[in-house]
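Everything below concerns the one structure shown next.
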Amino acid sequence: MTTGWLSHELYMWHDTGASAGVMPPGLGVQPGTPYENPESKRRFRNLVEVSGLIDHLKVLKPRSATEHEIERVHTRAHIENIKAMSAAGGGDASYLSPFGRGSFEIALLSAGGAICALDAVMRGEVKNAYALVRPPGHHAVPDLGMGFCLFGNVGVAIRHAQATYGLERIATVDWDVHHGNGTQAMFYRDPSVLTISLHQDNLFPADSGSCEENGEAEGKGFNINIPLPPGCGNGAYVEALRRVVIPALQRYRPELIVVPSGFDAAGVDPLGRMMVSSDGYREMTRLVLTAADELCGGKLVMVHEGGYSESYVPYCGLAVLEEMSGVRTSIEDIWAPLMANWGQQALQPHQAAAIAKAAQLIENLPSR
Ligand code: ZN
């Protein structure tokens, strides 16, 4: 079986306006290109084609999520708000989430893309799948959009999986450099979903993603945050997977693993302060794939989140897809050996201490 690959040109037409970086016009800064723009995603998609890897993948098509499917994780008021603003020409979903006319429909197609990738895996049409969707989703909370996200694509897909396939244990491994606060919020009191997030400590949103946020009520123990100090490279990320993520997965025994996949922990990303290279993402993918093979018949769905380096996201994405599909192309990442040689790329003692602290959370996770 092969790997599914899902994207759509409309994802690139979601219009995030004329902010400079993340600063909206009118705040004393020249209007310009927002960090969250189509280019890194489009180049990722183009490299999958130019490298020839696409010939080895099963191309999947998205459908639009229904409002009913969105409402499984969002309030009706939030859906109506985005819908009305989109029809009126756009606006801000609440906090750093600018969007334009028609973005509501594109956001439905984005959430629907995550659903379709998941369906293809669950129906056995593909071994695993990557959904390159946009807008991203992991910051959107039930009643608000946030941080470039309108609807929680992964949350919508997980609720769909539960409703359609009766899954009782689904795990997420969010390796975007920012905290997956939205996904966390959607399942914070719910033991049927184990949410794990590796992220730069207190980067975004503010005051979010500490080890102390460990789930509530029935969900106590089922949310694991791994806040990492700035400057972590491949060594720290691989260690975090080996020491925390994989043991947590082994204890939880998910029936499906979903990775909210952001490439903004890469060494040249403008919005993160980490040093991961495409080889780091490659190794992390190997570890998650091995866990999926061991625990859930290889069922793994990746759903795209952040990653803002136009030139580097494509290499990271290609490396992940090469590992998922088992097909190595001739494309070489010229940055990878340079980044591998950067100072403190290997695991540092203060990073190991942060990871060891998060590893203590595994004891709070009831074993299955
Ligand atoms: Zn991010």
Side-chain angles (χ1 to χ4, degrees), residues 11 14 16 19 21-23 33-41 43-44 93-99 107 110-111 114 130-141 144-155 172-186 195-210 213 225-233 236-237 240 245 258-278 280-281 284-285 302-317 320:
Y11 294 150
H14 162 56
T16 46
S19 18
V22 296
M23 301 293 286
T33 305
Y35 284 125
E36 206 300 294
N37 69 71
E39 194 63 11
S40 64
K41 275 67 69 169
R43 285 169 177 249
F44 175 14
S94 84
Y95 184 54
L96 299 179
S97 303
F99 63 98
S110 186
Y130 195 106
L132 174 59
V133 299
R134 180 173 176 266
H138 75 149
H139 292 310
V141 293
L144 289 172
M146 191 186 292
F148 314 145
C149 302
L150 303 185
F151 299 137
N153 303 320
V154 164
T172 68
V173 179
D174 186 329
W175 62 38
D176 187 284
V177 80
H178 304 99
H179 178 220
N181 64 298
T183 319
Q184 169 179 302
M186 287 165 188
T195 43
I196 304 174
S197 176
L198 305 101
H199 45 266
Q200 186 182 322
D201 186 15
N202 209 8
L203 178 61
F204 184 88
D207 301 320
S208 180
S210 71
E213 296 169 14
N225 284 322
I226 311 170
L228 298 167
C232 285
Y237 269 82
V245 175
V258 182
V259 174
S261 171
F263 298 122
D264 39 13
V268 290
D269 191 274
L271 287 182
R273 291 294 170 267
M274 298 303 202
M275 306 198 296
V276 179
S277 73
S278 65
Y281 280 105
M284 290 196 288
T285 305
M302 297 212 191
V303 180
H304 198 76
E305 298 288 353
Y308 306 99
S309 167
E310 295 174 7
S311 61
Y312 203 60
V313 163
Y315 289 115
C316 297
V320 167

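Quick note: numbers below take in every heavy atom, side chains included, and nothing from hydrogens, waters or symmetry partners. Read the numbers this way: they start at 1 and go in the same order the structure lists the ligands and their atoms.
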Shortest-distance N, O or S atom of D176 relative to the Zn ion (ligand 1) = OD1
Which word best sums up how the rings of Y95 and F204 line up, parallel for under 30°, tilted for 30 to 60°, or perpendicular for over 60°?
-> parallel
Under a 4.5 Å cut-off applied to non-hydrogen side-chain atoms, are F148 and L271 in contact?
-> yes
Please work out whether the ring planes of Y281 and F263 are parallel, tilted or perpendicular, with thresholds of 30° and 60°.
-> perpendicular
Looking at D264, which of its N, O or S atoms is the nearest one to the Zn ion (ligand 1)?
-> OD2
Does any N, O or S atom of E305, backbone or side chain, fall under 2.8 Å from the Zn ion (ligand 1)?
-> no
In H178, what N, O or S atom is nearest to the Zn ion (ligand 1), if we give its atom name?
-> ND1
Polar contact flag, side-chain donor to acceptor under 3.5 angstrom, H178-D176 = yes
